[in-house]
Amino acid sequence: MISVSHLSKIYKNDSVETAALSDVSFEIKKGEFVAIMGPSGSGKSTLMHILGALDTPTSGDYVLDGQSVTKLSDDTLAQIRNKKIGFIFQAFNLLPRTSAVKNVMLPMVYAGIDRQERQEKAKKALIAVGLGDRMDYTPAQLSGGQQQRVAIARSLVNNPAIILADEPTGNIASAQADEIMKIFEKLNDTGHTIIMITHEPDIAAHAKRVITVKDGKIIGDKKRR
Ligand SMILES: Nc1ncnc2c1ncn2[C@@H]1O[C@H](COP(=O)(O)OP(=O)(O)O)[C@@H](O)[C@H]1O
Ligand SMILES: [Mg+2]
């Protein structure tokens with residue numbers, strides 16, 4: 001499903017060059033649950049942005065479902081993102097003054113789904129993450145773990161094959177982080193491919209495979225179960 005070969009990413013700011021990724025290669029098959037671990041600054045977010053078609057590598061190739069996505073136009077990349085990938089971020093990235101149900105409806109606006117269907121699907125997605133009684137709450141009225149569950153519901157409404165999560169439990173208390181991991185395990189059981197960045201071993205322990213990065217290179221790749 002995902003194949004990256006010899007990926008490198010160099011950021012250039014004024015005269016400073018940072019090699020965020022150097023010659024990274026791996027494959028991820030459909031249905032895997034992979035944690036990407038590594039210290040701060042090791043290139044995890046850079047890798048996630050490339051895997052999510054939010055950014056392109058400086059060199060190397062990325063093939064997603066048989067299609068090279070390294071040299072596509074921004075419009076085509078946006079279409080691939082909308083169809084295939086659900087994103088979950090550390091800071092939730094919800095609209096602050098907008099209810100949970102409206103936050104979840106948003107991606108379907110871009111997908112051109114009519115209002116009634118948007119609402120029905122958003123409600124179902126919120127019930128699935130255990131927030132059936134919080135539909136009309138705004139993010140400020142929800143705990144961190146609840147906000148992240150809204151973000152998960154939002155990432156699922158277009159039924160993406162791949163879920164990319166960058167430090168999904170980085171801003172929430174550990175009891176709530178366990179709930180988030182239970183949701184991820186359930187999603188993985190129903191066929192979603194999950195790629196989750198974390199630097200917490202307890203969180204990575206929920207994945208079936210752990211890829212470790214350091215200084216922009218892969219230094220470990222282990223199947224756990
Ligand atoms: N947009 C950017 N411009 C310049 N340097 C960047 C940019 N994004 C990340 N970097 C640098 O690339 C390296 C890897 O960063 P990042 O991928 O965010 O690592 P991680 O997510 O593992 O903390 C760091 O040295 C960081 O400072
Ligand atoms: Mg990061």
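Atoms within each ligand, like the ligands themselves, are counted from 1 in listed order. In this chain, residues are counted from 1 in sequence order.
- Assignment of Gly216 to the shell around ligand 1 is not supported, since no heavy atom sits closer than 4.0 Å.
- Across all non-hydrogen atoms, the minimal contact from Gly145 to Ile172 is N-CG2, 3.4 Å.
- Side chain of Glu185 to main chain of Ile180: no donor-acceptor pair is present (N/O by atom type, distance under 3.5 Å, no hydrogens or angles).
- At distances below 3.5 Å, at least one donor-acceptor pair connects side-chain atoms of Gln141 with backbone N or O atoms of Thr138.
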Any chance you could lay out the salt bridge (Lys or Arg N to Asp or Glu O under 4.0 Å) test for Arg209 and Asp221, step after step, and finish with the verdict? CA-CA 7 Å; Arg209 173 181 171 192; Asp221 189 343; 2.8 Å; yes
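- Set against the non-hydrogen atoms of Pro39, the atoms of ligand 1 under 4.0 Å away are 22 (O).
- In terms of protein heavy-atom proximity, atom 18 (O) of ligand 1 is nearest to Ser45 CB, 3.7 Å.
- In terms of protein heavy-atom proximity, atom 2 (C) of ligand 1 is nearest to Tyr11 CD2, 3.5 Å.
- Protein heavy atom nearest atom 12 (O) of ligand 1, with residue, atom name and distance: Ala20 CB, 3.4 Å.
- Checked by distance only, ligand 1 and Thr18 stay at 3.5 Å or farther apart across all their nitrogen or oxygen atoms.
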side-chain hydrogen bond (donor to acceptor under 3.5 Å, both in side chains) for Thr70 and Asp61? Distances and angles first, verdict last. CA-CA 6 Å; Thr70 320; Asp61 199 16; 2.4 Å; yes
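- With a 4.0 Å heavy-atom cut-off, ligand 1 is reached by the side chain of Asn13 but not by its N, CA, C or O.
- Using a 4.0 Å threshold on non-hydrogen atoms, atom 7 (C) of ligand 1 counts as touching the protein.
- For the pair Ser3 (side chain) and Val63 (backbone), a donor-acceptor distance under 3.5 Å is absent.
- Listed for the Arg149 side chain is a donor-acceptor partner under 3.5 Å among the backbone atoms of Val129.
- Thr193 places a side-chain N or O within donor-acceptor distance of the main-chain N or O of Gly31, the cut-off being under 3.5 Å.
- Protein heavy atom at the shortest distance from atom 14 (C) of ligand 1 is Gly41 O, 3.5 Å.
- Looking at Gly43 next to ligand 1, an N or O pair under 3.5 Å apart turns up.
- For atom 25 (O) of ligand 1, a protein heavy-atom neighbour is present inside the 4.0 Å cut-off.
- From the protein, the heavy atom lying nearest to atom 15 (O) of ligand 1 is Thr46 OG1, 4.0 Å.
- The residue from Leu94, Val157, Leu156 that alone fulfils the side chain to side chain contact (heavy atoms under 4.5 Å, CB included) condition with Val104 is Val157.
- The closest approach between Gly38 and ligand 1 stays at or above 4.0 Å for every heavy atom of the residue.
- Taking 2.8 Å as the criterion, Thr46 does not count as a coordinating residue of the Mg ion (ligand 2), since none of its N, O or S atoms falls below it.
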